[in-house]
*Asks:* 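Sharing a structure below in C-alpha cells format, with a few things to ask.
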Amino acid sequence: MSFGYELFTYRNQVENNTFSIVNNLSVNLDKHTLTAGVSYDNIYVNNSYIREGTSYYRYASLDDFINNAKPTDFGVTYGYGGADPKGVEMSFGLASLYLQDEWRVNNNLKLTYGVRAELPMYHNELLNNPAIDALTFRDGYKVDIDAWPNTKMQINPRFGFNWDVLGDRSLQVRGGTGLFSGVLPFVWFTNQPSASGTVQSPEIGIKGENLPADFRFNPDFRAQVAKYPGLFPQAISTTLASGATIAEVHKDFKMPRIWRTNLAGDIELPYNMILTVEALVSKDVNAVVQQNMNLPDANNVFSGPDNRPRYMSNRVVGSVSSAMVLDNSSEGYQTLLTAQLTKNYTNGFSGMVAYTYNVSKDVTSNPGSAAYSAWTSNLDAFNLNDPQLSYSNFSVPHRVVGSISYRVEYLRNLATTISIYYNGSAQGRSSVAYSNDMNGDGASSDLIYIPRNASELTFVDVAGKMTAAEQAAAFMAYVDGDSYLSARKGQYAERFGVVNPWRNRWDAKILQDIFTNFGTDRRYTLQLSLDIVNAGNLLNKDWGAATRSGLANQYDVIMPLTYKGVNAGGAPTYTLNAKDIADFQDKNRQVKQLTTGSTWGMLFGVRLMF
C-alpha cells in the first residue's frame with residue numbers, strides 16, 4: 001500500500017534554451033564545390049529534480065503507521081534554509097568548424113569528403129563541497145564536483161560517394177564512412193551539481209536503525225528536516241548527510257562518438273518499381289556508461305556451478321549511498337541490413353514493403369535519468385561496474401513494414417484514397433534475472449544462472465506452499481519449455497538475450513477529398529480523414545495486442561526466481577518467484593499489456609487546402 005505525493009514528480013522539470021549561429025561559405029570551382037563554415041550552439045539548461053522532495057516513509061506494517069511507530073526507512077531531498085531548490089543551471093557551448101569538397105568526377109560519379117572539428121565548452125562555474133572532498137572511494141578515487149570535464153576537441157573526417165553505374169539512374173550505388181559526434185541528455189550532466197549538496201541536499205535515504213528513537217511521521221517535511229539538523233544539514237558544510245548519493249562526470253569524459261559506414265544500392269525494376277538494399281554498420285567510439293565508485297571489489301564467491309563474485313560489503317564509504325561517475329566505453333556496435341521494394345504511383349496504386357535485420361550490442365543503454373538509477377537498472381551477471389557486452393535493448397532482430405495505397409478520382413469533384421499500413425516485429429527484448437539482489441552489490445540487477453539440470457540449483461521449501469523438489473521440477477520444466485533458456489543451459493543469461501514474441505499491427509487510413517476551383521485557377525479541397533490505429537484489434541481483441549511475460553516487471557525483466565541466501569556450503573539457494581506452483585505456472589504465459597498502444601483507436605480529421 002502506498003499513498004501521498006508521487007516520489008519523482010515534485011517540482012520535476014527541465015528547461016532547455018538553445019541559441020545557434022551558423023555561417024557557411026560555398027565556392028564553385030568547375031567540378032568542385034567547396035563549403036567551409038563555422039557554427040556555435042549555446043544550450044542553457046535548468047533541471048529541477050527533487051526526488052522524494054516531500055519526504056518518503058516506509059513502515060514494517062500498516063499497524064505501525066497507524067500507531068505512529070518509527071519507520072523502517074526514510075528518504076528526502078530538500079533545499080537549504082527551508083526553501084525549495086530553484087533547479088540546477090548549466091550553460092554549455094558547442095563550437096564547430098568544418099570543410100567539405102563535393103567533387104563531380106564525371107556525370108556518373110560524385111565524391112563528397114570533408115572534416116568537422118567540434119569543441120565542447122562549459123561556461124558556468126560549480127561550487128565545491130568540502131564534505132565530498134574529504135571522501136576517498138574505491139582505488140583511492142576522489143570525486144571532484146566543482147569542475148566540469150576537460151574540454152577536448154574531436155576531429156571527425158567523413159567520406160561519401162554516389163555512383164550512377166549505367167548513367168541512366170537505373171542502377172545507383174552509394175555509401176560512405178566517417179566519424180560522427182553529438183551531445184547527450186544534459187540531465188546526466190546536471191546530476192553532478194544536483195547531487196553535490198551545493199544547490200540542494202543530495203538524495204538522502206536512511207535506514208530505520210540509523211534514525212533517532214523519537215523519529216516519527218510528520219506531514220510537514222520542512223519541519224521534519226529542520227528538527228534534526230544533525231541528520232539534515234541546512235547549508236554546505238564539512239558534514240554530508242547520511243545516505244547521500246553523489247555524482248560526477250569524469251574529467252576525461254568525451255561527448256558520444258561513433259564510426260559509421262553504409263553501403264547501398266538502388267535498382268530500377270519493371271512496373272515502375274525500385275529495389276533498395278542497404279547495409280549500415282556503426283562502432284561506438286565514445287559510448288556512455290555509469291560506474292559506482294562507492295562499490296568495493298567483490299571479496300567472496302558463491303560455491304557450486306554458479307560461482308559468480310559475491311559482495312560481503314557494498315560500500316567503501318558507509319555513510320554514502322553511492323558515488324556515481326559518468327564515463328565512456330567503446331565496446332558497442334550496431335549492424336542493420338535492409339531490403340526495400342517500392343512501387344511508385346501508377347494508375348492510382350502505390351506501395352512498399354521492407355525488411356530489416358538488426359544486431360546491436362552495448363554494455364548499457366543507460367536506462368535512467370538519475371545516475372544511480374541508470375546504474376542499478378542495467379543488468380549483469382558479475383559486476384555492474386564492468387558490464388558485459390550484450391544485446392542492446394533496442395536491437396529488434398527482424399522487422400517487416402509495408403504499405404499499399406489506392407487513390408481514385410470520380411464525379412469530377414471527388415477523390416477517395418484508401419491506405420493500409422503494416423508493421424511486424426518482435427515486441428522488443430527481455431532479460432532473465434532474479435527478483436532481488438543476489439550478489440550483494442545493493443542492486444536487484446543480477447542475471448540468472450541457467451542450470452544444466454535440477455541438481456545445479458538449490459531450492460528451499462516454502463512452508464505449506466511448495467517443497468524444494470516441487471520447485472526444482474517446475475523450474476526445470478520452465479527452462480526446458482523456453483527456447484532461449486533451454487539453449488543456454490550451464491551458462492548465464494544474457495542482458496536482453498530473450499527476443500519477445502512477434503506482433504502484427506495493421507493501421508488503416510481513409511481520405512475523402514471534395515474539390516473545386518470555383519471558376520478560378522486555384523483548387524480548393526475539403527479533406528475528411530479517418531485513421532484507424534491498430535485496425536486488426538478492432539476486428540478481434542487478440543489481434544495486434546501487445547503482450548509480455550507474466551513473470552516480467554514493467555521494464556520487461558523476467559524474474560522467475562527469488563534469492564534466499566546461501567547454504568552451509570556457500571551455494572546460493574532459491575524459491576520460485578510465486579506464491580505456489582499453480583501461481584508460477586499461471587504466470588508463465590504471455591499476458592496482455594493494458595495500454596492504449598495495445599488497443600485500437602480512431603481519429604477523425606477535417607482539413608481545408610487551397
Side-chain angles (χ1 to χ4, degrees), residues 1 302 304-306 379 381 391 426-439 444-504 537 540-567 571-595 597-599:
M1 177 186 295
F302 291 99
D306 183 359
L379 295 159
Y391 295 100
Q427 299 174 75
R429 306 188 77 108
S430 290
S431 304
V432 186
Y434 301 107
S435 67
N436 56 347
D437 180 14
M438 184 263 187
N439 67 356
S444 301
S445 308
D446 304 305
L447 297 168
I448 73 166
Y449 171 77
I450 307 163
R452 295 180 180 88
N453 51 59
S455 67
E456 288 196 337
L457 284 190
T458 302
F459 285 89
V460 295
D461 293 342
V462 178
K465 298 290 185 180
M466 46 187 174
T467 66
E470 290 173 335
Q471 293 175 80
F475 182 71
M476 288 311 302
Y478 163 70
V479 169
D480 290 335
D482 184 277
S483 59
Y484 174 77
L485 297 177
S486 61
R488 288 191 62 83
K489 288 183 178 180
Q491 303 176 73
Y492 293 96
E494 302 160 291
R495 184 175 60 254
F496 296 116
V498 176
V499 178
N500 292 328
W502 190 270
R503 180 191 182 199
N504 297 307
N537 190 254
N540 186 306
K541 63 182 178 64
D542 295 324
W543 293 353
T547 63
R548 69 166 178 236
S549 168
L551 290 165
N553 63 11
Q554 66 267 38
Y555 304 111
D556 283 328
V557 180
I558 300 170
M559 301 179 295
L561 297 176
T562 298
Y563 170 70
K564 302 302 288 187
V566 295
N567 62 15
T573 63
Y574 308 97
T575 63
L576 293 178
N577 184 23
K579 295 180 293 185
D580 51 38
I581 299 297
D583 183 43
F584 180 77
Q585 293 172 341
D586 182 61
K587 289 179 178 178
N588 183 23
R589 60 186 177 88
Q590 291 294 307
V591 296
K592 290 182 181 178
Q593 297 192 41
L594 302 179
T595 65
S598 188
T599 60

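Scope of the values below: all heavy atoms of this structure, side chains included, with no hydrogens, waters or symmetry mates. What you see is a predicted model, and the numbers here were worked out from it, not measured in a lab.
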*Asks:* What are the two closest non-hydrogen atoms of Gln427 and Ala546, and how far apart are they?
*Replies:*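 It is OE1-CA, 3.2 Å.
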*Asks:* Show, in sequence, the C-alpha distance, side-chain angles and deciding distance for Asn439 and Tyr563, and conclude whether the side chain to side chain donor-acceptor pair (under 3.5 Å) test is met.
*Replies:* CA-CA 9 Å; Asn439 67 356; Tyr563 170 70; over 6 Å; no
*Asks:* Please report the closest heavy-atom contact between Thr599 and Asn537, naming both atoms and the distance.
*Replies:*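 Nearest pair, atom of Thr599 first, then Asn537: CA-OD1, 3.4 Å.
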*Asks:* Of Val432, Leu576, Asn588, which meets side chain to side chain contact (heavy atoms under 4.5 Å, CB included) against Pro560?
*Replies:*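 Of Val432, Leu576, Asn588, side chain to side chain contact (heavy atoms under 4.5 Å, CB included) with Pro560 is met by Val432 alone.
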*Asks:* Checking side chain to side chain donor-acceptor pair (under 3.5 Å) between Tyr449 and each of Glu456, Arg488, Gln491, which is the one that passes?
*Replies:*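 Per the side chain to side chain donor-acceptor pair (under 3.5 Å) rule, the option paired with Tyr449 is Glu456, out of Glu456, Arg488, Gln491.
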*Asks:* What distance do Ser598 atom OG and Lys541 atom NZ have between them, rounded to the nearest 0.5 Å?
*Replies:*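 With rounding to 0.5 Å, OG (Ser598) is 11.5 Å from NZ (Lys541).
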*Asks:* Hey, what do you get for CG (Asp583) to NZ (Lys465), rounding to the nearest 0.5 Å?
*Replies:*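 These two atoms lie 9.5 Å from each other.
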*Asks:* Testing the basics here: between Asn500 and Ala426, what is the closest heavy-atom pair and its distance to 0.1 Å?
*Replies:*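 Heavy-atom minimum between the residues: O-CB, 3.2 Å.
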*Asks:* For the atom pair CE (Met466) and CD1 (Ile581), what is the distance rounded to the nearest 0.5 Å?
*Replies:*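 So the CE of Met466 and the CD1 of Ile581 are separated by 5.5 Å.
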*Asks:* Okay, side chain of Ser431, backbone of Phe496: is any donor-acceptor separation there less than 3.5 Å?
*Replies:*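 Yes, because the side chain of Ser431 sits within donor-acceptor range (under 3.5 Å) of the backbone of Phe496.
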*Asks:* State, to 0.1 Å, how close Ala468 and Asp461 come at their nearest heavy-atom pair, and which atoms those are.
*Replies:*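 Result for this residue pair: N-OD1, 2.6 Å.
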*Asks:* Using modelled atom types only, decide if a donor and an acceptor are shared between the side chain of Asn577 and the backbone of Ser435 within a distance under 3.5 Å.
*Replies:*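 Checking the backbone N and O of Ser435 against the side chain of Asn577, no donor-acceptor pair under 3.5 Å is found.
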*Asks:* Is a side-chain N or O of Asn436 found less than 3.5 angstrom from the main chain of Thr562, in a donor-acceptor match?
*Replies:*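 No.
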*Asks:* Is the Tyr574 to Tyr434 ring centre distance short of 6.0 Å?
*Replies:*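 Between Tyr574 and Tyr434, the centre distance is under 6.0 Å.
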*Asks:* Check for a donor-acceptor pair, side chain of Ser430 on one end and backbone N or O of Asp556 on the other, with a separation under 3.5 Å.
*Replies:*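 Present.
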*Asks:* Can you tell me how far the CG atom of Asp306 sits from the CD1 atom of Ile448, to the nearest 0.5 Å?
*Replies:*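 That separation rounds to 9.5 Å.
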*Asks:* Would you please name every residue forming a salt bridge (Lys or Arg N to Asp or Glu O under 4.0 Å) with Glu470, sequence neighbours left out?
*Replies:*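 For Glu470, no residue satisfies salt bridge (Lys or Arg N to Asp or Glu O under 4.0 Å) once neighbours in sequence are set aside.
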*Asks:* Can you list the steps and then say if Val462 with Lys579 is a side chain to side chain contact (heavy atoms under 4.5 Å, CB included)?
*Replies:* CA-CA 9 Å; Val462 178; Lys579 295 180 293 185; over 6 Å; no
*Asks:* What salt bridge (charged side-chain N to carboxylate O under 4.0 Å, His left out) pairs are there with at least one residue in residues 476-486, not counting sequence neighbours?
*Replies:*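 Output for this query lists Asp480-Lys489.
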*Asks:* Under a 4.5 Å cut-off applied to non-hydrogen side-chain atoms, are Leu551 and Met559 in contact?
*Replies:*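 Not touching, per the 4.5 Å side-chain cut-off.
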*Asks:* In Å and rounded to the nearest 0.5 Å, what is the CD1 to OH distance from Ile450 to Tyr484?
*Replies:*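 Nearest 0.5 Å value for the CD1-OH distance: 5.5 Å.
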*Asks:* For Lys587 and Ala578, work out which heavy atoms get closest and say how close.
*Replies:*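 Result for this residue pair: NZ-CA, 4.1 Å.
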*Asks:* Any chance you could lay out the side chain to side chain contact (heavy atoms under 4.5 Å, CB included) test for Leu485 and Tyr478, step after step, and finish with the verdict?
*Replies:* CA-CA 9 Å; Leu485 297 177; Tyr478 163 70; 3.5 Å; yes
*Asks:* Restricting to non-hydrogen atoms, name the atom on Val460 and the atom on Gln471 that form the minimum distance, rounded to 0.1 Å.
*Replies:*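 Minimum heavy-atom separation between Val460 and Gln471: O-NE2, 2.7 Å.
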*Asks:* Would you mind reporting whether Leu447 and Arg495 have side-chain heavy atoms less than 4.5 Å apart?
*Replies:*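 Touching, per the 4.5 Å side-chain cut-off.
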*Asks:* Listed by chain and number, what are the salt bridge (Lys or Arg N to Asp or Glu O under 4.0 Å) partners of Asp580, not counting sequence neighbours?
*Replies:*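 Applying salt bridge (Lys or Arg N to Asp or Glu O under 4.0 Å) to Asp580 gives none.
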